[in-house]
Visitor: 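Submitted below is the structure of interest, expressed as C-alpha cells.
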Amino acid sequence: MQGLQLLKLVGGPGSHRVLPVGVHRIGMSHFLDNFVRGQPDEQHRLGLMKDFIDYMQILRGHGLHIDTCLVDGSFVTSKQYPADLDCTPLIDGGRSTPAAGILGSIHDQWISPGGRYKKVPVLGLGRTVKLDVYGIVRIPQEHRNHMFGTEAEQKWGKFWQMAKGHGTDAVKGSVEVSLDD
C-alpha cells in the first residue's frame, strides 16, 4: 500500500457524503489520514479508533488471525461525531488457533457480538467500546465448508453497501483496512 490514498466522498442517499459504491482497500495509516487526522472531530474519532484497535488486539490475543477488517457506517462518511464504528473483522479460519478459554463463547462474545460491548466491558480490556462488531471467519478454500464462509462474506459485503431506509441496492462503499500497514 504505497503512497497516500485519499478517498473521495460523494453525494449519498442522506445528508452526508459517502464513499463510492465498492470496497476500498487501504492500509491503517491511510485509513487514519482519510477518516481521523485533520477532521473537525479528530479527538472523538481517535477515541473510536482506540476502541477499534484495542478490540482487534484482544481478538488477536485470543488466537484469532486477522489481517483486515471491513469498516462501514457513519465513521466512513462526512458525518461529524459518529456514535460508533461498525466493523467486520475478516478472520482467517485456517490460520487461527483460538484459545481454549473462549471456545464456548467464541461467536457471540468475540467474533460477532454486535453492539454488546457498548454496555458490557470487554473481558481483558475492562471497559466498554463504541463498536458494532459482526465478524466473518474465512474458511480455507480446500475445506469442504468453504462455501459457507464465502456466502457470509458476500452477505456482509453487500450489507455494508446499503443505507438504512433505502432498500437493498448498493448506494455507498465501505473500507477494507489492512491492520498491519
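This structure is a prediction, so every number in the text was calculated from the model and none was measured. Residue numbers count from 1 along this sequence.
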Visitor: Please tell me if the side chains of Phe52 and Lys130 come closer than 4.5 Å, counting only heavy atoms from C-beta onward.
Guide: no
Visitor: Rounded to the nearest 0.5 Å, what separation is found between the CD1 atom of Ile111 and the CD atom of Gln109?
Guide: 11.5 Å
Visitor: How many angstroms lie between atom CG of Leu123 and atom NE2 of His62, to the nearest 0.5 angstrom?
Guide: 7.0 Å
Visitor: Please find the pair of heavy atoms, one from Thr88 and one from Tyr134, that lie closest to each other, and give the distance.
Guide: CG2-O, 2.9 Å
Visitor: Atom OH of Tyr117 and atom CG of Leu131: how far apart are they, to the nearest 0.5 Å?
Guide: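 So the OH of Tyr117 and the CG of Leu131 are separated by 11.0 Å.
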Visitor: Looking at every heavy atom in both Leu179 and Cys69, which two are closest together, and how far apart are they?
Guide: CD2-CB, 4.3 Å
Visitor: Show your working on side-chain contact (heavy atoms from CB on, under 4.5 Å) between Val129 and Asp54 and close with a plain yes or no.
Guide: CA-CA 9 Å; Val129 293; Asp54 289 351; 5.7 Å; no
Visitor: Return the orientation label for the Phe75 and Phe31 ring planes: parallel under 30°, perpendicular over 60°, tilted otherwise.
Guide: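 Rings of Phe75 and Phe31: parallel, as their planes differ by under 30°.
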Visitor: Go through His30 and His24 one step at a time and tell me if the side-chain contact (heavy atoms from CB on, under 4.5 Å) criterion holds.
Guide: CA-CA 11 Å; His30 294 139; His24 305 273; over 6 Å; no
Visitor: Do you know the tightest heavy-atom contact between Asp72 and Gly173?
Guide: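 Smallest heavy-atom distance, with atoms named: OD1-O, 3.5 Å.
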Visitor: Shortest non-hydrogen contact from Asp51 to Thr128?
Guide: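 For Asp51 and Thr128, the tightest heavy-atom pair comes out as OD1-O, 4.3 Å.
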Visitor: Flag yes if Val175 and Ile53 sit in one hydrophobic cluster, no otherwise; membership is Ile, Leu, Val, Met, Phe, Trp, Tyr, and two members link when side-chain heavy atoms are under 4.5 Å apart.
Guide: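 Looking at the clustering, Ile53 is in the same group as Val175.
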Visitor: Which is it for Val133 and Arg116 under the side-chain contact (heavy atoms from CB on, under 4.5 Å) test, yes or no, and what are the steps along the way?
Guide: CA-CA 9 Å; Val133 182; Arg116 168 191 180 91; over 6 Å; no
Visitor: I need the minimum non-hydrogen distance between Gly135 and Ser112, along with the two atoms involved.
Guide: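 Heavy atoms only, the tightest pair is N-OG, 3.6 Å.
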Visitor: From Ile91 CD1 over to Ile136 CD1, what is the distance, rounded to the nearest 0.5 angstrom?
Guide: 9.0 Å
Visitor: Nearest 0.5 Å, what's the CE-CG distance between Met56 and Asp67?
Guide: 12.5 Å
Visitor: Which heavy atom in Leu48 sits nearest to a heavy atom in Pro82, and how many Å separate them?
Guide: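 Scanning both residues, the minimum pair turns out to be CD1-O, 3.5 Å.
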Visitor: Would the distance check show the side chain of Thr77 and the main-chain N or O of Lys79 forming a donor-acceptor pair, the cut-off being under 3.5 Å?
Guide: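 It does hold such a pair.
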Visitor: Going by side-chain hydrogen bond (donor to acceptor under 3.5 Å, both in side chains), Asp41 matches just one of Arg45, Gln39, His44. Which one?
Guide: Arg45
